[in-house]
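One structure is given below, encoded as structure tokens.
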Amino acid sequence: MRFSKAFIPTTKEAPSDAVLASHIYLTRAGFVAQVASGLYNYLPLGKRVLKKIEAIINDEMERADAQEVELSFVTPAELWQESGRIEKFGKELLRLRDRKENLFVLGPTHEEMMVNLVRNRVTSYKQLPLNLYQIKTKFRDEARPRFGLMRAREFVMKDGYSFHATAEDLDREFDAMEAAYKRILERLGLDFRIVEADSGAIGGSGSKELMVIADSGEDTIAVCDSCEYGANIEAAHRRVISSAPSEPSLANEKVHTPDVRTINDLADFFKIDPHYTLKAVAKRAIYEESDEIVIFYLRGSDELQEVKAVNAVAALELVDVTEEELEAVGLVPGFIGPFGQNDITSVFDSGLKGATAMITGANERDYHMSGADLSALDGVTFADLYEVKEGDGCPHCDGSLTYTKGIEVGHIFKLGTTYSKALKAEFLNDQGRAEPFEMGTYGMGVSRLVAAVIEQHHDEKGCRWTKATAPYQVNIMVSNIKDEAQLELGETLYSRLKESGVEVIIDDRKERFGFKMKDAELIGLPYTIIIGKELKNGKIQIFDRATLEKSDVQVEEAFETVMGLLK
RNA sequence: CGGGGUGUAGCUCAGUAUGGUUAGAGUACCUGGUUUGGGACCAGGGGGCCGAAGGUUCGAGUCCUUUCACCCCGACCA
């Protein structure tokens, strides 16, 4: 390609609303252009990057025996009613009616569609396993799109679904997909981590997210400093505390504690570690048809992880409650405790099993219980409720956990029979009995990856594409096109590189040196061959975008040197 | 969905408190010339329904009402 013919509208200024590096540079360098909130046009350079990433995904999927399909973007609403997700997704589904008034939904993900495709076509265990995927535009009417391509409403996603006769076979495929996803991200040149995750409202198990490490990431992940363990904070675990603070010896009695309401006050009052206080977090759990107040009990030294809490009571969501609402059901804010109080649904953090010497609320204004033994409680529900903290022990080794930020670029998990049951997708097993498919789902955000690459590979001058993602590998910059010798050499190198299969672009615009250099840096192709004033000394320069270094090369060696760099 | 902000040239923004020539700057664009190693210079030029609708007024970019869009914080996000 020639810059003189290319549609690469670069700008000096970024749109005023762009915050993220990827948003700023992808826009300034002419890769994408915003159309409306959360909607983007891909310009030629952006489209090339997208295709690069897609090609790598296709290649790895081929290797893993997954087959590509393409399902229609407009999907019948009946399918969503069948699975029950038309309500769960809610307003995120963009609904529309055709001329006959039939209701349709723009596909935000395609579980239903894929199950629908396979059901009644795959009818025997002999036809399994099957792994089908597509790379397709999705639409989710996000309440608040932001961060450019990172959280767009319309985006490109690779979504794959596998079908199995047994859970064991699903496990095998799941591992194979994890390995394939890992290779994809390695080939893209990204620093990432595969972490344990919550599977969300969709249900399922074995949930893992692929996180590209970046400060701008929207997810907090806890990673071990010495082993491979990593988990989204929504699902992270920690080693059971082995070195608990020494247990205080306080009599089991009701103690007058005027105005001692917070955990800190309580710990000070009794001169104990917050570890031995019982924290009660009250929330209103919202269910499809009803709602109720739930109390979550944790050690005072822990914080409630809300996603875990939602899962523990299988609620749609948790909302805060006011002191008035608590009083209305007979609770005493600041002094809530589990003893003598069985009317309210309560869940205890699993770390409280058999806890002794605890200080708890006495359900009476200005009173606490000291030296309480929680094992005295009957019929207690335990669940993981705590949020891991930095410094907590790794659950798998002696290391400790630290927080880092990640961009979720992939999410894989085992659906089991959730959808096959809901949509009655069954096959006959070797006993001739009908069974629902065991399913896995494997998503990867292709357009989000474009942004993720730049989040991880940029500097103050612009993009720094990895070799695997760069729209072109080499830029030939002819400093002054009026200088015939320069132009001629540029054209010669351009032809030779093209003939050798190198993705090359020549900057043959009638612009000054500085202007073209700024563009080269902003666009961020890996190498720029500078043909300029050094030509009269028989030299050109090769500018390495990653290091910003320019190295002199003899004209005769230029071609070979570049070919060597690209290997 | 709650709270806040902004809509004026392709882009980034002045101008709006206090209504009054022909609505401005920078940048980008076109023409000519000079220049050619870090977004150059000189001269000339094109480009605007001041987000939209309604209203007040002799007169509205500016005041009032309604509305739409975009952005930020939060809630939400298989």
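The sequence lines fix the lettering, A, B, ..., with proteins before strands; numbering per chain opens at 1.
- Between G15(B) and G51(B), the two P atoms lie 14 Å apart (nearest whole Å).
- Taking atom CD of E317(A) as the reference point, atom P of C77(B) lies 8 Å away to the nearest angstrom.
- Between A28(B), G37(B), C11(B), one nucleotide has an atom nearer to the side chain of E13(A) than all others, and that is C11(B).
- Partner assigned to G74(B) is C1(B), using Watson-Crick or G-U wobble distances below 3.5 angstrom.
- In this structure, P15(A) reaches the sugar-phosphate backbone alone: every heavy-atom distance under 4.0 Å involves primed, P, OP1 or OP2 atoms, never a base.
- Side chain to side chain, T220(A) and K405(A) meet the donor-acceptor criterion of an N or O pair below 3.5 Å.
- With a cut-off of 3.5 Å on both pairing distances, U56(B) has no Watson-Crick or G-U wobble partner at all.
- For the pair R509(A) CZ and U36(B) C1', the computed distance is 15 Å after rounding to whole Å.
- Closest to the K91(A) side chain, of the nucleotides U12(B), C1(B), C70(B), is C1(B).
- Between G39(B) and A75(B), the two C1' atoms lie 43 Å apart (nearest whole Å).
- Among the nucleotides G37(B), C76(B), U12(B), the one closest to the side chain of S479(A) is G37(B).
- As a whole-Å value, the separation of L316(A) CG from C1(B) P is 19 Å.
- When the C1' atom is compared between G37(B) and C77(B), the two are found 49 Å apart, to the nearest whole Å.
- Pairing for G46(B) is absent, with no Watson-Crick or G-U wobble pair whose two atom distances lie under 3.5 Å.
- Between Y181(A) and Y442(A), the ring-plane angle classifies as perpendicular under the 30° and 60° cut-offs.
- Aromatic ring orientation, Y40(A) versus H23(A): perpendicular (interplanar angle above 60°, classes split at 30° and 60°).
- A 3.5 Å limit on both hydrogen-bonding distances identifies no Watson-Crick or G-U partner for A23(B).
- The side chain of R146(A) contributes no N or O atom lying less than 4.0 Å from OP1 or OP2 of C71(B).
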**OP:** Please report the C-alpha distance between T345(A) and E292(A) in whole Å, then the side-chain angles of each, then the deciding distance to 0.1 Å, and finally whether the side-chain hydrogen bond (donor to acceptor under 3.5 Å, both in side chains) criterion is met.
**Re:** CA-CA 8 Å; T345(A) 303; E292(A) 65 168 336; 2.9 Å; yes

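- Classification of D302(A) and K279(A) as a salt-bridged pair fails, no side-chain N sitting under 4.0 Å from a carboxylate O.
- Judged purely by distance below 3.5 Å, without hydrogens or angles, the side chains of N58(A) and Y133(A) pair a donor atom with an acceptor atom.
- Atom-to-atom, CG of L20(A) to P of C72(B) comes out at 10 Å; the value is rounded to the nearest Å.
- The nearest whole Å value for the distance from the NZ atom in K516(A) to the P atom in G39(B) is 14 Å.
- For an aromatic pair to be called close, the ring centres must be under 6.0 Å apart, and F31(A) with W465(A) satisfies this.
- Residue whose closest nucleotide on RNA chain B sits further toward the 5' end, between V35(A) and F513(A): F513(A).
- For U36(B), the base has a donor-acceptor partner in the side chain of K482(A) [N/O atoms by modelled type, under 3.5 angstrom].
- Rounded to whole Å, atom P of A40(B) lies 15 Å from atom CG of N480(A).
- Taking the P atom of each, G7(B) and C50(B) are spaced 15 Å apart, rounded to whole Å.
- Within 4.0 Å (heavy atoms only), M150(A) reaches no atom of the nucleic acid at all.
- Using a 4.0 Å heavy-atom criterion, one finds that E209(A) contacts no nucleic acid atom at all.
- Between L93(A) atom CG and C77(B) atom P the separation is 13 Å, expressed in whole Å.
- A salt bridge between E325(A) and R284(A) is present, with a side-chain N of the basic residue lying under 4.0 Å from a carboxylate O of the acidic one.
- For U6(B), the paired base is A69(B) (Watson-Crick or G-U wobble, both distances below 3.5 Å).
- The pairing partner recorded for U16(B) is none, the criterion being a Watson-Crick or G-U wobble arrangement whose two distances lie under 3.5 angstrom.
- Among the heavy atoms of the strands, none lies under 4.0 Å from D483(A).
- Contact annotation: Q34(A) reaches the phosphate of C71(B) (side-chain N/O to OP1 or OP2, under 4.0 Å).
- Judged by distance alone, the side chains of R464(A) and Y25(A) never bring a donor and an acceptor atom under 3.5 Å apart.
- C70(B) sits 16 Å from C11(B) when the C1' atoms are compared, rounded to a whole Å.
- Not one side-chain nitrogen or oxygen of K533(A) sits closer than 4.0 Å to the OP1 or OP2 atom of U36(B).
- In this structure, the nucleotide among G39(B), G38(B), A75(B) sitting nearest to the side chain of M517(A) is G38(B).
- Here the side chain of S37(A) is nearest to one of G37(B), A75(B), C71(B), namely C71(B).
- Distances from the side chain of R151(A) to the nucleotides G39(B), C76(B), G38(B) place C76(B) closest.
- Listed nucleotides C72(B), A75(B), U27(B) differ in distance to V19(A); the shortest reach to its side chain belongs to C72(B).
- Residue R144(A) has its side chain nearest to C72(B) when only C70(B), C72(B), U27(B) are considered.
- Comparing A69(B) with G38(B), their C1' atoms are spaced 39 Å from each other, to the whole Å.
- Comparing P145(A) and E142(A) by the nucleotide of RNA chain B whose heavy atom lies nearest to each, the residue mapping closer to the 5' end is P145(A).
- As rounded to the nearest Å, G47(B) and A9(B) have C1' atoms that lie 6 Å from one another.
- Using a 4.0 Å heavy-atom criterion, one finds that E534(A) contacts the bases of the nucleic acid, with or without backbone contacts as well.
- Residue K550(A) is classed as a base contact, given a heavy-atom separation below 4.0 Å to a base.
- Of the candidates U36(B), G38(B), C1(B), G38(B) carries the atom nearest the K518(A) side chain, counting heavy atoms from C-beta on.
- The glycosidic torsion of A17(B) lies within 90° of 0, placing the base in the syn range.
- Here A40(B) sits opposite U34(B) as a Watson-Crick or G-U wobble pair (both hydrogen-bonding atom distances under 3.5 Å).
- A straight line from CG of D219(A) to P of C77(B) spans 12 Å, rounded to a whole angstrom.
- Across the C1' atoms, C64(B) and U22(B) are found 28 Å apart, a figure rounded to whole Å.
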